[in-house]
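Everything below concerns the one structure shown next.
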There are 2 protein chains.
Amino acid sequence: MSLRIALLGLLVEAGPSSGYDLTKHFGLSTSNVWSAKHSQIYPELRKMEADGAVTAVEESGARNKRTYEITDGGRGELRRWLIETDPNRDVRSEACLRLFMLPLLDPEESLPLLRAEAAVYQVRVNRLKSLAESMDSDLNRYQATLGVLNMTALRDWATYVADDIERKAAEKRA
Amino acid sequence: MSLRIALLGLLVEAGPSSGYDLTKHFGLSTSNVWSAKHSQIYPELRKMEADGAVTAVEESGARNKRTYEITDGGRGELRRWLIETDPNRDVRSEACLRLFMLPLLDPEESLPLLRAEAAVYQVRVNRLKSLAESMDSDLNRYQATLGVLNMTALRDWATYVADDIERKAAEKRA
DNA sequence: AATAGCATGTAAGAAGTTACATGATTTC
DNA sequence: GAAATCATGTAACTTCTTACATGCTATT
């Protein structure tokens, strides 16, 4: 369901798009909330077309490109899902699972890894901040901002835990 | 892989545990980073036992309970994964996907939903904060704190977007 | 004696990943 | 003309969810 909803949302946001275009969106800010590979997206779009949630126009040009557009039915489906569905609140993030368990290692091992994670998230914060500023639509700015807040939280956590572990290791030595 | 790693981590953290115990952990703070149902956990533990990553003791009592303990091999596997693996940074969160797309709705529809989301995350912030305070181990405190920071980010985002939409709607009316 | 919680399992199906497969066009 | 990028697809496999299935124990 989530993939279908994500695709409907992207089609509203970005207008008519090919499977290729939609695949690229999952590599940008959307990957902060959901992601999918082209091998899952292409069949899903065909299924949505069969259900009448989207329509497709096949380009006659040399490149065999199909452009999908959301239908009124698709819009209704998306709206109902947003309004009526109690979303599943579980999160799946391998990177957070790793963060979560990094403190299991000895300080000599965990500290550089935690500092490296903080740096990774700092880069993402910077990138998303400038992305947010360059966005012309409110929606895109909101979406980039969600990424900024999420990445900031992870950066802050990694820094806080590294500092705490460092302080405790110093106390022990003293 | 992630489920296996999560189970190994929980077995280090919590000590010898049954599949039932581990299933409950995925309903607590662990669900902020990964989750799994018992129907996936039981077979995975059997597989890990066959691989020598864990050992099992079957209780002779009336309740047919199997207690799993991590082996040295399992500890090594976990350590190597934490140190050597570049984790997948994709996130899957249906709740965030929904947040992400809520601004697609008209203000009259999105505002109450955004305020409700902010309230949901506020409750989680409060719960995790008191959980963090009550935790005796550093690791558990760190883990609860990761939840606090993540939930705070979502609460702040929902509030920021709701305020922004409200302000813009008021400007338009004026 | 009924209800809630402990405790484990399997089977079918849906969702997601990896690898294979093809071919056109643009840029250098 | 080589490399990067556009563009779509399928097959095999792994992972995850939902539903079914069972039976004990503690509480009220």
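Lettering of chains follows the sequences in order, A, B, ..., and the numbering in each one begins at 1. Below, each value reflects all heavy atoms present in this structure, side chains not excepted, and no hydrogens, waters or symmetry copies. Please read all numbers here as calculations on a predicted model, not as lab measurements.
- Computed from coordinates, the B:Leu22 CG to C:dA7 P distance equals 12 Å when rounded to whole Å.
- For the pair B:His38 NE2 and C:dT10 P, the interatomic distance rounds to 10 Å; values are reported in whole Å.
- Checking C:dG16, C:dA7, D:dT10 against every side-chain atom of A:Trp34, the shortest atom distance belongs to C:dG16.
- Heavy-atom distances to DNA chain C give each of A:Met1 and B:Tyr68 a nearest nucleotide, and the one nearer the 5′ end belongs to B:Tyr68.
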Enumerate donor-acceptor pairs with a distance under 3.5 Å from any side-chain N or O in residues 164-174 of chain A to protein atoms, sequence neighbours excluded.
from     : atom 1 : to       : atom 2 : distance (Å)
A:Asp164 : OD1    : A:Arg167 : NH2    : 2.6
A:Asp164 : OD2    : A:Lys168 : NZ     : 3.1
A:Asp164 : OD2    : B:Tyr142 : OH     : 2.6
A:Glu166 : OE1    : A:Arg115 : NH2    : 2.6
A:Arg167 : NH1    : A:Glu171 : OE2    : 3.1
A:Lys168 : NZ     : B:Asp138 : OD1    : 3.1
A:Lys168 : NZ     : B:Asp138 : OD2    : 3.4

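- Residue A:Arg92 has no polar side-chain atom (N or O) positioned under 4.0 Å from OP1 or OP2 of C:dG16.
- For D:dT15, its base never sits under 3.5 Å from the side chain of B:Ser2 at any donor and acceptor pair.
- Proximity note for B:Tyr42 (side chain, C-beta onward) versus D:dA7, C:dT8, C:dG16: the nearest is C:dT8.
- Distances shorter than 4.0 Å separate none of the side-chain N or O atoms of A:Lys65 from OP1 or OP2 on D:dC6.
- Side-chain proximity of B:Lys37 to D:dC6, C:dA19, D:dT17: nearest is D:dT17.
- Rounded to a whole Å, the CD atom of A:Glu49 is 14 Å from the C1' atom of D:dT8.
- Only one option out of B:Leu102, B:Leu104, B:Val161 pairs with A:Leu139 in a side chain to side chain contact (heavy atoms under 4.5 Å, CB included); it is B:Leu104.
- In this structure, A:Lys47 places its NZ atom 14 Å from P of D:dT10, rounding to the nearest Å.
- We find that CG of B:Asp90 is positioned 12 Å from P of C:dG16, with the value rounded to whole Å.
- As rounded to whole Å, 14 Å separates atom C1' of C:dA14 from atom CZ of A:Arg4.
- For the pair B:Glu49 and B:Arg66, the salt-bridge criterion is met [side-chain N within less than 4.0 Å of a carboxylate O].
- Side-chain nitrogen and oxygen atoms of B:Gln40 include at least one within less than 4.0 Å of the OP1 or OP2 phosphate oxygen of D:dC16.
- At whole-Å resolution of the value, OH in B:Tyr20 and P in D:dG23 are 18 Å apart.
- Side-chain atoms of B:Ser18 lie closest to C:dT8 of the nucleotides C:dT10, C:dT8, C:dA15.
- With sequence neighbours left out, the ring pair (Phe, Tyr, Trp, His ring centres under 6.0 Å) criterion links A:Phe26 to no other residue.
- Within 4.0 Å (heavy atoms only), A:Ser39 reaches at least one base atom of the nucleic acid.
- There is no side-chain donor-acceptor pair under 3.5 Å between B:Thr159 and B:Asp156.
- Between the C1' atom of C:dT8 and the CG atom of B:Asn64 lies a distance of 6 Å, rounded to the nearest Å.
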